[in-house]
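The block underneath contains the structure these notes are about, expressed in structure tokens.
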Amino acid sequence: MICKIASLPGDGIGAEIVPEAIKALQAVGRKYGHEFIFTEALIGGAALDAVGVPLPEETLRLCRESDAVLLGAIGGPKWDNLPVHLRPEAGSLLPLRKELGLYANLRPVVLYDALIDASTLKKEVIQGTDILVIRELTGGLYFGEKKREQTPTGQIAVDTLVYTTEEITRIARLAFETARKRKKKLCSVDKANVLESSRLWRETVTELGREYPDVELTHMYVDNCAMQLVRWPKQFDVIVTENTFGDILTDQASMISGSLGMLASASIGGKVALYEPSHGSAPDIAGQKKANPIATILSAALMLRYSFNLEKEAQDIEKAIVRVLDKGYRTADIMQEGGILVNTEEMGDRIAEEILEAK
Ligand code: NAD
């Protein structure tokens with residue numbers, strides 16, 4: 001199989017973690033005879049510095065013409081005070097998702113047994129956690145109209161949270177279909193006691209649920225969900241929720257798996273899907289070779305699964321990660337007593353070796 005992949009390292013640790021995911025994909029390619037062709041392009045602050053815009057037309061074209069996109073992370077303090085359209089997140093990642101029609105962000109929250117002690121949560125609470133959070137990605141609070149105005153006494157700032165029935169139905173249908181292939185449990189998370197958009201969300205999801213009698217549908221307020229995720233995460237199978245809620249809940253849920261550096265994501269819905277770790281550019285550790293590349297390598301596994309239908313190859317990557325963790329190799333964020341501390345590149349090397357060695 002020949003696959004064209006747009007590689008967008010971006011900012012901060014992006015340039016350190018993306019090469020490790022490429023290494024894993026190349027190991028898969030060598031093992032199974034697939035050809036992965038990577039073309040690198042600029043995005044985020046790196047693009048802004050080089051060509052004056054955070055999402056160059058050339059990058060967008062490359063993404064559209066590729067079979068999948070592998071992204072590192074964007075943003076950092078250097079660009080924080082720029083006008084909003086130039087800021088890496090608002091000026092590159094959000095429009096890229098919108099342009100590619102990526103309305104669904106899938107974030108698996110899985111705990112690897114080897115990392116049980118890396119979590120700040122109790123072992124008996126988190127053991128066996130396997131949740132898939134489906135976050136709506138091109139609507140909601142992040143995409144609604146924003147404005148700022150001067151008033152006689154100061155300023156007024158407005159963000160709007162807009163959803164249409166079509167947008168909710170689209171993401172909910174994906175969630176029901178996904179739940180059907182898992183444990184058939186779907187929890188829809190909203191704030192219907194306060195927000196009108198959430199009331200429409202709840203009505204629409206409930207209505208659609210009639211088409212899926214085999215899927216057990218529950219509704220939960222987002223504040224309760226935040227609490228339930230740390231109280232008893234095993235109660236969840238698939239969670240579907242609004243853009244901002246999903247962003248916040250998955251950062252919180254990442255601690256179940258030990259670190260933000262373990263949380264992969266797939267953004268799907270359009271012709272070309274995008275794969276990236278759930279974390280940001282981690283400016284506090286950038287350039288120090290401390291970043292955990294596993295979230296990005298797991299995102300590459302999701303690419304094999306969702307974009308190329310290469311299930312065995314995806315599992316090879318996931319199993320290689322389990323074996324490397326079982327052997328005790330740890331980056332600093334998941335380091336435990338008795339672990340073998342490795343840097344970003346060494347972790348990538350160990351995983352690539354395991355991919356090649358495993359039967
Ligand atoms: P962050 O996710 O970058 O970092 C939060 C904490 O987690 C930091 O202490 C960081 O060191 C740690 N961390 C994150 N990834 C790690 C990894 N792979 N290995 C080890 N430790 C890791 O969030 P932040 O600090 O709030 O944001 C930093 C920048 O990233 C901001 O400019 C923000 O806008 C941007 N951001 C980008 C994305 C994206 O590209 N999708 C997502 C979130 C934040």
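As the structure lists them, so they are numbered: ligands from 1, and atoms in each ligand from 1.
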Can you tell me which residues line ligand 1 if we count any heavy atom under 4.0 angstrom from one of its atoms, in chain and number order? Ile13, Ala73, Ile74, Gly75, Gly76, Glu89, Leu93, Leu260, Gly261, Glu276, His279, Gly280, Ser281, Ala282, Pro283, Asp284, Ile285, Ala291, Asn292, Asp333
Could you please spell out the steps behind the side-chain contact (heavy atoms from CB on, under 4.5 Å) verdict for Leu60 and Glu99? CA-CA 8 Å; Leu60 199 51; Glu99 284 291 328; 3.8 Å; yes
Side chain Arg330, main chain Leu325, donor-acceptor under 3.5 Å: yes
Quick one: side-chain hydrogen bond (donor to acceptor under 3.5 Å, both in side chains) partners of Thr165, sequence neighbours excluded? none
Any Lys/Arg nitrogen of Arg30 or Glu35 sitting under 4.0 Å from an Asp/Glu carboxylate oxygen of the other? no
For Asp49, check side-chain hydrogen bond (donor to acceptor under 3.5 Å, both in side chains) against everything at least two apart and list the hits. Lys78, Trp79
Can you sort out the partners of Lys23 under side-chain hydrogen bond (donor to acceptor under 3.5 Å, both in side chains), two or more places apart, ordered by chain and number? Glu20, Asp349
